[in-house]
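Notes follow once the structure below has been shown.
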Amino acid sequence: HHSDPSCKRHMMSFQIVDIYEHEGVEFVRLAVHGQSFMMYQIRKMVGLLLSVMRGAIKEENVLDMFSNNRHRIPTAPAFGLLLDRMSFKGYDKKCGDREERENIDSIIAKNKK
């Protein structure tokens, strides 16, 4: 339920990093930094952004979307959404210096090879 405190998430930033065209298709690169995410949260945020850009939702109504009022926000399709990088600062701070656990950046770097 939306009033449950465990459903609250802390967003540090949500930025448009780049807009470009490839083979006639326009792409937008977004950078999202948050504490944790709920299922479909990023797709809903992108869906809200697209709805405002296309005029389906008025910009002045956006703040109400973050209230406890219920709203139907379209979910952006998964196609084209790509997780580029993760950061686990809390994990690294807590466990990174222990011999039995590797730093998460080391694990990611190994898997990219």
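All of these numbers come straight from a predicted model, not from anything done at the bench.
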Hey, is CE on Met12 packed in by over 12 heavy atoms from elsewhere, all under 6.0 Å?
-> yes
Euclidean distance, Phe27 CZ relative to Glu21 CD, rounded to 0.5 Å = 9.5 Å
Mind checking the NE2-CZ spacing from His33 to Phe14? Nearest 0.5 Å is all I need.
-> 14.0 Å
Any side-chain heavy atom of Leu30 sitting closer than 4.5 Å to one from Val17?
-> no
Just wondering, do Val32 and Phe37 contact through their side chains at under 4.5 Å, heavy atoms?
-> yes
What pairs of donor and acceptor atoms, side-chain ones from residues 42-60 against any protein atom, are under 3.5 angstrom apart with sequence neighbours left out?
unit_1 : atom_1 : unit_2 : atom_2 : d
Arg43  : NE     : Ala76  : O      : 2.6
Arg43  : NH2    : Ala76  : O      : 3.2
Lys44  : NZ     : Ile73  : O      : 2.6
Lys44  : NZ     : Thr75  : OG1    : 3.3
Ser51  : OG     : Gly47  : O      : 2.9

